[in-house]
Amino acid sequence: MNTPLSTTSKLRLAGVSKSFFAPRTQQTTLAVADVSLDIQAGEFICIVGPSGCGKSTVLNMIAGLDQATAGVIEKDGVPITGPGADRGVMFQDYALMPWQTVQQNVGFGLYHGTPGAGLSTAQRAERVRHFIELVGLNGSEKKYPHQLSGGMRQRVALARLLANGPDVLLMDEPLGALDAQTRLILQIELLRIWGQTAPREQRKTAVFITHDIEEAVFLADRVVVMSSHPGRVRAILDIPLPRPRDEHVRGDPDYGRLVEKIWSLIREEAYRAIGGVDTTVQAAAPVGV
Ligand SMILES: Nc1ncnc2c1ncn2[C@@H]1O[C@H](COP(=O)(O)OP(=O)(O)O)[C@@H](O)[C@H]1O
Ligand SMILES: [Mg+2]
């Protein structure tokens with residue numbers, strides 16, 4: 001199950017809980033309860049679970065955008081107290097600046113934030129060029145976000161994230177708004193860009209949230225399955241599918257078994273969340289949830 005606590009963890013969550021207080025109703029909601037998780041450097045972790053189970057809350061706490069009510073969150077053994085350029089965040093809704101070109105969006109942190117500190121103008125420009133090329137956007141440097149497809153916009157967001165040189169990538173359903181085909185292509189692209197052909201020491205540590213079980217199994221080294229009300233870690237599964245992975249992995253019987261196993265863990269809650277009744281005894285895994 002979970003990797004034993006070790007001093008070498010890139011990220012460590014120990015007994016993390018988060019409550020939200022609503023002043024208007026005077027009610028406190030326990031969104032996340034007692035989450036413990038150790039993430040090693042270079043690991044690709046996916047967090048899946050039904051809507052509202054606290055996935056974004058966990059990610060926001062690692063990003064330092066939200067404070068835990070209880071427990072500890074550390075990076076490299078140091079408590080996380082706020083946002084930092086060492087942890088890059090990417091969301092579903094692109095979050096690009098519409099009045100800036102691709103090049104300007106990718107370079108924003110380098111020209112206007114701490115990630116560019118100590119770099120010459122030429123070095124910044126080279127870095128922007130490198131990451132635009134890495135995500136396959138050569139030729140689109142001068143375009144504005146409205147001139148790009150959803151998939152291209154997420155490529156820009158990914159290039160911007162990487163250009164800032166974080167060593168942890170935090171992604172909250174980054175492919176969630178894309179059509180199914182674009183999504184499959186970008187899953188493979190994401191693994192390439194993350195460095196699945198490189199040795200683990202050279203890969204970034206990635207925490208990726210999705211409600212799509214197949215996406216999680218395809219991408220991850222380990223999948224964290226959460227349950228809701230309050231959000232807890234229900235299970236952590238190793239995904240021992242060989243890397244590099246491409247679309248052929250989806251035909252691997254182990255892939256199918258893992259998808260089905262995760263679906264069996266969250267099926268009941270997923271049905272409850274939509275007000276439906278699970279009439280299946282041994283349901284086959286559907287595509288996504
Ligand atoms: N800022 C907030 N204030 C109050 N409640 C919140 C806030 N953010 C999230 N919650 C609640 O915490 C729970 C988990 O939310 P979230 O982390 O967004 O879930 P997920 O990302 O898994 O869909 C939900 O019940 C949600 O309503
Ligand atoms: Mg969310």
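Ligands are counted one by one from 1 in listed order, and the atoms in each one are counted from 1 as well. Here the structure is a predicted model, which means the values were calculated and not measured.
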Subject >> Test of proximity, T29 against ligand 1: N or O pairs below 3.5 Å >> reply: no
Original post:
So is there a nitrogen or oxygen of F20 less than 3.5 Å from a nitrogen or oxygen in ligand 1?
Top reply: no
Original post:
Can you tell me if CD on E268 sees more than 12 non-hydrogen neighbours from other groups inside 6.0 Å?
Top reply: no
**OP:** Using a distance threshold of 4.0 Å (strictly less than), state whether atom 10 (N) of ligand 1 has a protein heavy-atom neighbour.
**Re:** yes
**OP:** Take atom 26 (C) of ligand 1 and look for protein heavy atoms under 4.0 Å from it; say yes if you find one, no if not.
**Re:** no
**OP:** Using the six-membered ring wherever Trp is involved, compare the ring planes of W194 and F44 and label them parallel, tilted or perpendicular (cut-offs 30° and 60°).
**Re:** perpendicular
Original post:
What is the ring orientation for F108 with H112, classed by angle as parallel under 30°, tilted 30 to 60°, or perpendicular over 60°?
Top reply: tilted
Subject >> Numbered atoms and elements of ligand 1 in range of A31, under 4.0 angstrom, heavy atoms >> reply: 12 (O), 13 (C)
Original post:
With atoms numbered from 1 as shown, which atoms in ligand 1 lie under 4.0 angstrom from a non-hydrogen atom of S51?
Top reply: 23 (O)
Original post:
Is there an N/O/S atom in S56 at a distance below 2.8 Å from the Mg ion (ligand 2)?
Top reply: yes
**OP:** State, without any angle test, whether E215 and T210 hold a side-chain donor-acceptor pair at a distance under 3.5 Å.
**Re:** yes
What protein heavy atom sits nearest [atom], and how far off is it?
{"atom": "atom 18 (O) of ligand 1", "result": "S56 CB, 3.8 Å"}
{"atom": "atom 19 (O) of ligand 1", "result": "G54 N, 3.2 Å"}
{"atom": "atom 17 (O) of ligand 1", "result": "T57 OG1, 2.5 Å"}

Subject >> Pi-cation contact, F218 with R250 (under 6.0 Å, within 45°) >> reply: yes
Subject >> Separation between CD1 of I239 and CG of D254, rounded to the nearest 0.5 Å >> reply: 10.0 Å
**OP:** Take E141 and T101 through the test side-chain contact (heavy atoms from CB on, under 4.5 Å) and record every step on the way to the result.
**Re:** CA-CA 7 Å; E141 290 87 346; T101 63; over 6 Å; no
Subject >> Stepwise side chain to side chain donor-acceptor pair (under 3.5 Å) check, D172 with S56 >> reply: CA-CA 7 Å; D172 193 347; S56 294; 2.7 Å; yes
Original post:
Measuring from the heavy atoms of G49, does anything fall under 4.0 Å of ligand 1?
Top reply: no
Original post:
G52 near ligand 1, heavy-atom distance under 4.0 Å?
Top reply: yes
